[in-house]
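Take a look at the structure below.
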Amino acid sequence: MQYPEYRPRRLRRNETLRRMVRETKLSVDDLIYPLFAAAGKGIRKEVSSMPGVFQLSVENLAKEAREVAALGIPAVLLFGLPAKKDPLGKDAYSDKGIIQTAVRAIKDAVPGLMVVTDVCFCEYTDHGHCGILKGTEVDNDATLEILAKSAVSHAKAGADIVAPSDMMDGRVGAIRKALDRGGFSQVPIMSYAAKYAGAFYGPFRDAAGSAPAFGDRRSYQMDPPNAREALREVALDVREGADIVMVKPALAYLDIIYRVRQAFNLPVAAYNVSGEYAMVAAAAKLGWVDGDRVTMEILVSIKRAGADLIITYAAKEAARDLAG
């Protein structure tokens, strides 16, 4: 095909034509909305670095869940802010923990809303790292036991999907075995399979109170320049029993999403993380960009790269845009 016989502009003449031949279509069904559950009552505290995102006590979380469901968003991803932290992050696997309490409240308020729970320890430990410390290092194998214990406690509370984000070696297998032994073989695992130690997480750490007290997480999260390693990490999680695999962050790692999509037949999730959200919000506030259009363009790019599911703080705005 060549000009003048072929004129690509013919199919761009108006919005109806463009919509008819659109190759990538974002749906509200693709979206997962992150929520931050805070211990206490009467809490609705906006995260300063993430406008429109709040830490919510359980009763307000249930109200938010009703709004999310009314917008047609099928799922939420829960993070917890406990009343008390300790070296082992015991609140993460307590039946009375903040996540367990929040799961029960949401399932009571909106039974049909899918509740995904983040399985990690950075929000619960007083040192802010993702597992049990041995000196200044995270003890991988000792952490597997408490990760599995935490996942089972979430399932008991009613979680529909558990999502380990810790990046410990072998954690998907340990969690799968524990869930099956506990009678929760029907609960899927959405693994943070390729999670990079990037610079886009700062606002999340404000929201979740999860900044490490010392050092960083580069000894267990992935090195940003590595792509082939991501495929090895995903393959390990698939072999251990992951049902959905995730790439995090999304925007700077669209090539990784594409590679994972091409290599594996499981559903692929991508996390449009806090730093990505905050950059758009800040630029929009200054009038430098049209925030709504930029947000939708980013979400479509993540979908186009191969993501089946997109975790995003802009889910409510996107749902309204898609409905409108």
Side-chain angles (χ1 to χ4, degrees), residues 34-40 43 55-58 61 76-107 115-134 137-182 184 187-192 195 201 204-215 217 220-221 242 246 248 271 311:
L35 289 172
F36 296 94
I43 299 170
Q55 298 171 346
L56 299 166
S57 52
V58 169
L61 197 72
V76 294
L77 173 59
L78 279 185
F79 298 93
L81 287 79
K84 184 179 179 182
K85 302 187 180 191
D86 61 76
L88 297 179
K90 293 176 184 176
D91 194 274
Y93 49 83
S94 168
D95 288 339
K96 297 180 181 178
I98 181 58
I99 282 290
Q100 294 79 358
T101 303
V103 170
R104 288 189 288 266
I106 291 174
K107 296 307 286 186
V115 177
V116 187
T117 55
D118 180 77
V119 180
C120 195
F121 283 84
C122 57
E123 301 116 284
Y124 305 94
T125 55
D126 55 10
H127 47 74
H129 281 281
C130 299
I132 296 173
L133 290 183
K134 188 175 183 179
E137 296 287 329
V138 176
D139 188 326
N140 188 98
D141 292 3
T143 299
L144 297 183
E145 183 179 348
I146 59 171
L147 286 167
K149 191 174 180 180
S150 179
V152 170
S153 75
H154 294 182
K156 284 181 179 177
D160 297 291
I161 300 172
V162 295
S165 65
D166 55 283
M167 288 300 286
M168 297 297 113
D169 296 338
R171 89 267 200 216
V172 171
I175 290 170
R176 183 74 272 159
K177 289 175 184 175
L179 288 171
D180 291 353
R181 283 196 304 265
F184 300 105
V187 174
I189 297 173
M190 179 169 71
S191 75
Y192 289 64
K195 181 179 178 180
Y201 302 141
F204 173 89
R205 290 169 185 170
D206 293 341
S210 62
F214 62 88
R217 299 183 179 126
Y220 42 102
Q221 295 177 3
M246 187 198 303
K248 180 183 180 183
Y271 201 139
I311 302 158

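All values below were derived from every heavy atom in this structure, side-chain atoms included, with hydrogens, water molecules and symmetry-related copies excluded. Note that the structure is a prediction, hence the values are computed from the model and not measured.
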- Message: Walk me through whether L88 and F121 qualify under side-chain contact (heavy atoms from CB on, under 4.5 Å).
- Response: CA-CA 8 Å; L88 297 179; F121 283 84; over 6 Å; no
To the nearest 0.5 Å, tell me how far [X] [atom1] sits from [Y] [atom2].
| X | Y | atom1 | atom2 | result |
| --- | --- | --- | --- | --- |
| K85 | H127 | NZ | NE2 | 10.5 Å |
| I161 | L78 | CD1 | CG | 12.0 Å |
| L144 | M168 | CG | CE | 8.5 Å |
| I189 | I175 | CD1 | CD1 | 5.5 Å |
| F36 | L61 | CZ | CG | 11.0 Å |

Can you name the nearest heavy-atom pair linking [X] to [Y], along with the distance?
| X | Y | answer |
| --- | --- | --- |
| I98 | V58 | CD1-CG2, 4.0 Å |
| K134 | D139 | CD-OD2, 3.7 Å |
| L179 | A155 | CD2-CB, 3.9 Å |
| H154 | V119 | ND1-CG2, 3.8 Å |
| V172 | A242 | CG1-N, 3.6 Å |
| D91 | G97 | OD1-CA, 3.4 Å |

May I ask you to decide if [Y]'s main-chain N or O and [X]'s side chain share a donor-acceptor pair within less than 3.5 Å?
| X | Y | value |
| --- | --- | --- |
| T143 | I132 | yes |
| Q100 | S94 | yes |
| S150 | A92 | yes |

- State whether Y201 and K248 meet the cation-pi test: NZ (Lys) or CZ (Arg) under 6.0 Å from the six-membered ring centroid, and within 45° of the perpendicular axis.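 Yes, K248 sits over the ring of Y201.
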- Query: Would you say the side chains of N140 and Y220 form a donor-acceptor pair under 3.5 Å?
  - Reply: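 Judged by distance alone, the side chains do not pair up.
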- Query: Pick from K195, R171, M190: which one makes a side-chain contact (heavy atoms from CB on, under 4.5 Å) with S165?
  - Reply: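 It is K195; the other options fail the test.
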- Message: Between L77 and Y271, does the side-chain contact (heavy atoms from CB on, under 4.5 Å) criterion hold? Intermediate values first, please.
- Response: CA-CA 11 Å; L77 173 59; Y271 201 139; 3.8 Å; yes
- Should the pair F79 and F204 be assigned to parallel (<30°), tilted (30 to 60°) or perpendicular (>60°) ring geometry?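 Rings of F79 and F204: perpendicular, as their planes differ by over 60°.
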- Message: I'd like to know whether V138 forms a side-chain contact (heavy atoms from CB on, under 4.5 Å) with L133, so could you lay out the CA-CA distance, the side-chain angles of the two residues, the decisive distance to 0.1 Å, and finally the verdict.
- Response: CA-CA 4 Å; V138 176; L133 290 183; 3.9 Å; yes
- Message: Determine whether I146 and Y124 satisfy the following criterion, side-chain contact (heavy atoms from CB on, under 4.5 Å), listing intermediate values before the conclusion.
- Response: CA-CA 12 Å; I146 59 171; Y124 305 94; over 6 Å; no
